[in-house]
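The block underneath contains the structure these notes are about, expressed in structure tokens.
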2 protein chains.
Amino acid sequence: MGPHVVPRQLVWLSRWQAVCAWGASVQHRTWAGVSRIPSLLSSGGALSSSPLVCRSSSSTPPGAPEVVLTQQRYPVTRLPFSVVSSEDLAAFERILPGGVVTDPEVLEASNVDWLRTVRGCSKVLLRPRTSQEVARILRYCHEKNLAVNPQGGNTGMVGGSVPVFDEIILSTTLMNRVISFNSVSGTLVCQAGCVLEELSRYVEERGFVMPLDLGAKGSCHIGGNVATNAGGLRFLRYGSLHGTVLGLEVVLADGTVLDCLTSLRKDNTGYDLKQLFIGSEGTLGVITAVSIQCPPKPRAVNVAFLGCPGFAEVLQTFSSGKELLGEILSAYEFMDAECMWLVTHHLRLASPVQESPFYVLVETSGSRAGHDSEKLSDFLEQALSSGLVTDGTVATDQTRLKALWALRERISEALSRDGYVYKYDLSLPTERLYDLVSDLRARLGSQAKHVVGYGHLGDGNLHLNVTSEAFSPSLLADLEPYVYEWTARQRGSVSAEHGLGFKKRGVLSYSKPPEALRLMQQLKALLDPKGILNPYKTLPAQA
Amino acid sequence: MGPHVVPRQLVWLSRWQAVCAWGASVQHRTWAGVSRIPSLLSSGGALSSSPLVCRSSSSTPPGAPEVVLTQQRYPVTRLPFSVVSSEDLAAFERILPGGVVTDPEVLEASNVDWLRTVRGCSKVLLRPRTSQEVARILRYCHEKNLAVNPQGGNTGMVGGSVPVFDEIILSTTLMNRVISFNSVSGTLVCQAGCVLEELSRYVEERGFVMPLDLGAKGSCHIGGNVATNAGGLRFLRYGSLHGTVLGLEVVLADGTVLDCLTSLRKDNTGYDLKQLFIGSEGTLGVITAVSIQCPPKPRAVNVAFLGCPGFAEVLQTFSSGKELLGEILSAYEFMDAECMWLVTHHLRLASPVQESPFYVLVETSGSRAGHDSEKLSDFLEQALSSGLVTDGTVATDQTRLKALWALRERISEALSRDGYVYKYDLSLPTERLYDLVSDLRARLGSQAKHVVGYGHLGDGNLHLNVTSEAFSPSLLADLEPYVYEWTARQRGSVSAEHGLGFKKRGVLSYSKPPEALRLMQQLKALLDPKGILNPYKTLPAQA
């Protein structure tokens, strides 16, 4: 502890007390704000008279470049499912009066993914309101050999939420009812189509928080979160959905309703069937309702946004945070300088700290503000005096907290404005996590606009993103299988939290052995023998 | 706040400061201390020359009453598996030189459950050291249609860990090697036969704790814990094994080794297969290795043992604890006055507080002793001044902590000394949880020696136990299906954490609908088509 420590610390802490004024001016927008999903769909149920065959649509929103059809960009062959007929549409209309959408303008938003990288050509969107309606639809589709693409908020990153060909889109949009909330235990039971942000608001008003949070919260549905085993920003504190989801109601491929919608924290009566559906991306069943354990709302939340001189310091700051913040550490996120450039440049957010090679966002959540401040203050003083951190700011009020979080949460949105995005979502040993980013930057040179790394460092989860002006097969060839092989050598996961969907289904074998793949295929065959549920997704095409 | 509050509080707090001297004299013994499992088995691999047919054994330990054979007490018919032949024994001896046990004295301990309520008549105990050996054994048994009973520490409560007839016992006792431990992330990878208490010691020496703890820790194996989805004493804080287990290695019924032994916190590459085996009680595969996330060891642990005047006060004290202790609340257990009578009478433990209708044990675990004491002190002052708690004591040092925990952890042991025990392990809405105990006490009258309630109140988990001099069919008829029907009416679980094993497999339908049962049976048929793994367990006998 040299004599210079105290002055530096004081300067820094005064900066912290002040919390710069930029915070209030930054508008917090979730993906909902940039969603292309029409907010009100015409629901007259008018049956389209256009022929129900697959061809390139011309209903692209004005100004946006047309997204190439998936079947044109990727080598994929349509499986021998039936094609939706007028008779089928009439049957759906009987099941869902007013809930059958065939308007091409409306369908466009459901055929294209959020990233605008894949595009199906479905001619029918179904919007049930109840599990029984979902059951009747699936029973019909199963009998008629019609393929079905379950869709929540359509915020997936791997093309799992839109059709590849002309699969029927089964949307949970209108299944957005809270069924019950126990304000003593914090157990929430709701339909699958509830939007995460709305659920957050609902439970926060009652003294609890959702155990998950993610950038897409303004659009994503809880059913989709569970179907994709979403990780997100609270994973470090509240763990996986495999632990926090208490029960599910699922409609199986043949229309059977599987009621495992218990609200019990503990239930060891037979196999825990709900686990099968968490992370199965709609390929084993359609989740129609969720029972989830909400933790008490922390009374004190602090966010520190810090600049670090190198990745080694990012890691050391994390170790120090785990030690000094202990049970109140609720998030530890990092982003590199290029990420900061993207959010400041494309989204006009202001950086709250001096330019640094790396930035970290540290969140604490606890029950007693005084204790938490003391812990955080000790942590920050140590981080600063040891040179792990060179600049920083702290926020405690909602507006500023959100503004700091926006810098991290909106990276994905900033990337999508930068050009075509190649996205990788990897689990790696933390000490090697950033090497891949540096390595790729050298490998790709000027081929890429940006090569950036950010993510949930506390969970060993790197979001590696590369942008280019437009989709480039040669750049892709330099990225893959290189990134996957690099990850496999570290025994990492080639999909930490995004799932496999359509775009990553071929890379499963980098992280799973053949015996596991075989068992997955057997489970798929058992639960969906005709393969009608979300075909071409998750599992590799069978030889 | 009346003027009398301060004096009462001071008296009470001085009692707390003092922490009575009884603590040090109480010896902390886990179930290991009362285990009847011979500590060293003769492992010469001598092949028994006795004929391998099923009949009542006479190798009961001296003094202990003989346990009736399961097939004599319960209506169950042996399935047409092969009978182990001398040729089979020779084959096992080739796979496991020195690891084939046929000595009846040794087998006795593995044929009878810890509660001494069920008894098989297996003639062979196999003790592999590696997964490859397990794979070779299962491949052989699968081919020869030989039934196999996987066995860990044999501490199960529902007869799941011992044979019903002559199933081969496949013990994980010698698979007790730690494979790796990452002292930065806290990820432990170990073989399935590691004893929980030994693992706890191992990780605690390295600054971490196991995410689960239970009374049987001195004997139970981690593989058995995972196979039965054990809950236990830390569930409230660290959640379910479905969240904390990161990976498993499992040998399937046909000898296929399924390597899902990842150490990644996040991995969304395909279906999460390991979840299938967590809680499947050895009926879908044999768990041979476990990767588990260990949380950092709390730097400060406090235990308060409190007397409450009624069950309503037990509940209110819990609410108050959640509010004032927040993130440091790590356990909230309760027991009734009859439980205290049993542990003081049969085990000669001393009660640290005045006689009360109910007792609760509150544990806090945190990273900063000063902050934690302040929170605990505020909680205790409020509980006392509001009359929720009438007496109490607090411990912070290891010896006294363990002594307080022993009062709760050793109830099960005390019950087993009281006579024949009818055990129920239920999840119920907390507000109705104790009504069933009072109700049964009135219903059974003098038929029962004791009707007691205790358990993990924080998780809504009641352990309801009834004792009688000896097994009584008429008492059983008064208990069942009454208890299950009562639980089903509350939409509770008829097995919160003990599983179904042999004794509860018939009651699954009280907590699960027919569609769920059918899917469970389909999964069993898929993974173990010949049904050789732990037959007669978990799923009801098929009609």
Side-chain angles (χ1 to χ4, degrees), chain A residues 184 228-229 231 235 239-240 242-244 256-260 262 264-273 275-276 278-280 296 319 322 326-328 366-368 371 374-375 427 459-461 492-500 508 511-513 515-517 519-520 522-523 526 538-539, chain B residues 184 228-229 231 235 239-240 242-244 256-260 262 264-273 275-276 278-280 296 319 322 326-328 366-368 371 374-375 427 459-461 492-500 508 511-513 515-517 519-520 522-523 526 538-539:
Chain A
V184 175
T228 57
N229 190 29
F235 189 99
S240 150
H242 286 287
T244 53
T256 300
V257 179
L258 185 68
D259 178 6
C260 297
T262 166
L264 305 165
R265 289 171 69 97
K266 292 162 94 169
D267 178 19
N268 277 355
T269 51
Y271 311 149
D272 194 352
L273 298 176
Q275 302 289 351
L276 263 176
I278 301 175
S280 66
S319 291
K322 281 196 290 188
E327 62 279 1
I328 65 165
S367 59
R368 194 138 157 180
H371 289 170
E374 221 175 302
K375 289 185 179 98
S427 273
D459 312 315
N461 184 182
S493 169
V494 293
S495 183
E497 61 176 11
H498 289 172
L500 297 171
L508 189 148
S511 295
K512 292 284 160 68
E515 296 81 12
L517 175 57
L519 181 50
M520 290 181 202
Q522 290 171 329
L523 289 169
L526 172 65
T538 310
L539 301 184
Chain B
V184 175
T228 56
N229 190 29
F235 189 97
S240 149
H242 286 286
T244 53
T256 299
V257 179
L258 185 68
D259 177 5
C260 297
T262 168
L264 305 166
R265 288 172 71 97
K266 293 162 93 170
D267 178 19
N268 275 356
T269 52
Y271 311 149
D272 194 353
L273 297 177
Q275 302 289 351
L276 263 176
I278 301 175
S280 65
S319 291
K322 281 197 289 186
E327 62 280 0
I328 65 165
S367 59
R368 197 139 156 177
H371 290 170
E374 221 175 302
K375 290 185 179 97
S427 273
D459 312 315
N461 184 181
S493 169
V494 292
S495 182
E497 61 175 13
H498 289 172
L500 297 170
L508 189 150
S511 295
K512 292 285 160 67
E515 297 80 12
L517 176 57
L519 181 50
M520 290 181 202
Q522 289 171 330
L523 288 169
L526 172 65
T538 310
L539 301 185

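Each chain gets a letter, A, B and so on, in the order its sequence line appears, and its residues count up from 1.
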| remark: d(B/Ser367 OG, A/Glu327 CD) to nearest 0.5 Å is 3.5 Å

| field | Sidechain-backbone polar pair: A/Ser511 side chain, A/Gly492 backbone, donor-acceptor under 3.5 Å | value | yes

| Do A/Asp272 and B/His242 meet the criterion of a side-chain donor-acceptor pair at a distance under 3.5 Å? | yes

| query | Where does B/Asn229 contact chain A at under 4.5 Å (heavy atoms): side chain, backbone, both or neither? | reply | both

| task | Would you sort out whether A/Leu519 and B/Tyr271 count as a side-chain contact (heavy atoms from CB on, under 4.5 Å), showing the intermediate values? | result | CA-CA 9 Å; A/Leu519 181 50; B/Tyr271 311 149; over 6 Å; no

| Which atoms of B/Leu517 come close to chain A, meaning under 4.5 Å heavy atom to heavy atom: side chain ones, backbone ones, both, or neither? | neither

| note | Looking only at B/Leu276, B/Ile328, B/Val494, B/Leu526, most heavy-atom pairs under 4.5 Å shared with chain A are made by B/Leu526

| message | Please identify, among B/Gly231, B/Gly243, B/Ser495, the residue contributing the most non-hydrogen atom pairs under 4.5 Å to chain A. | response | B/Ser495

| Which bit of B/Thr262 is near chain A, if near means a heavy-atom gap under 4.5 Å: side chain, backbone, both or neither? | neither

| note | By salt bridge (charged side-chain N to carboxylate O under 4.0 Å, His left out), B/Glu374 pairs with (sequence neighbours left out) A/Arg368

| Please walk me through it: do B/Asp267 and A/Lys512 pass side-chain contact (heavy atoms from CB on, under 4.5 Å)? | CA-CA 10 Å; B/Asp267 178 19; A/Lys512 292 284 160 68; 3.3 Å; yes

| Heavy-atom pair count under 4.5 Å with chain A, highest-scoring of B/Glu515, B/Lys375, B/Gln522 | B/Lys375

| Can you tell which of B/Asn461, B/Thr256, B/Val184 has the highest number of heavy-atom pairs within less than 4.5 Å of chain A? | B/Asn461

| request: Using non-hydrogen atoms and a 4.5 Å limit, figure out which bit of B/Ser280 sits close to chain A: side chain, backbone, both or neither. | output: both

| field | Worked verdict on A/Leu500 versus A/Leu508 for side-chain contact (heavy atoms from CB on, under 4.5 Å) | value | CA-CA 8 Å; A/Leu500 297 171; A/Leu508 189 148; 3.4 Å; yes

| note | In this structure, CZ of B/Arg265 is separated from CZ of A/Phe235 (nearest 0.5 Å) by 6.0 Å

| said: I'd like to verify something: which residue of B/Gly326, B/Pro513, B/Gly279, B/Gly270 has the highest number of heavy-atom pairs under 4.5 Å with chain A? | reply: B/Gly270

| Heavy-atom proximity to chain A below 4.5 Å, by part of B/Lys322 | side chain

| task | Flag the one option from B/Thr538, B/Leu258, B/Ile278 with the top tally of heavy-atom pairs under 4.5 Å to chain A. | result | B/Leu258

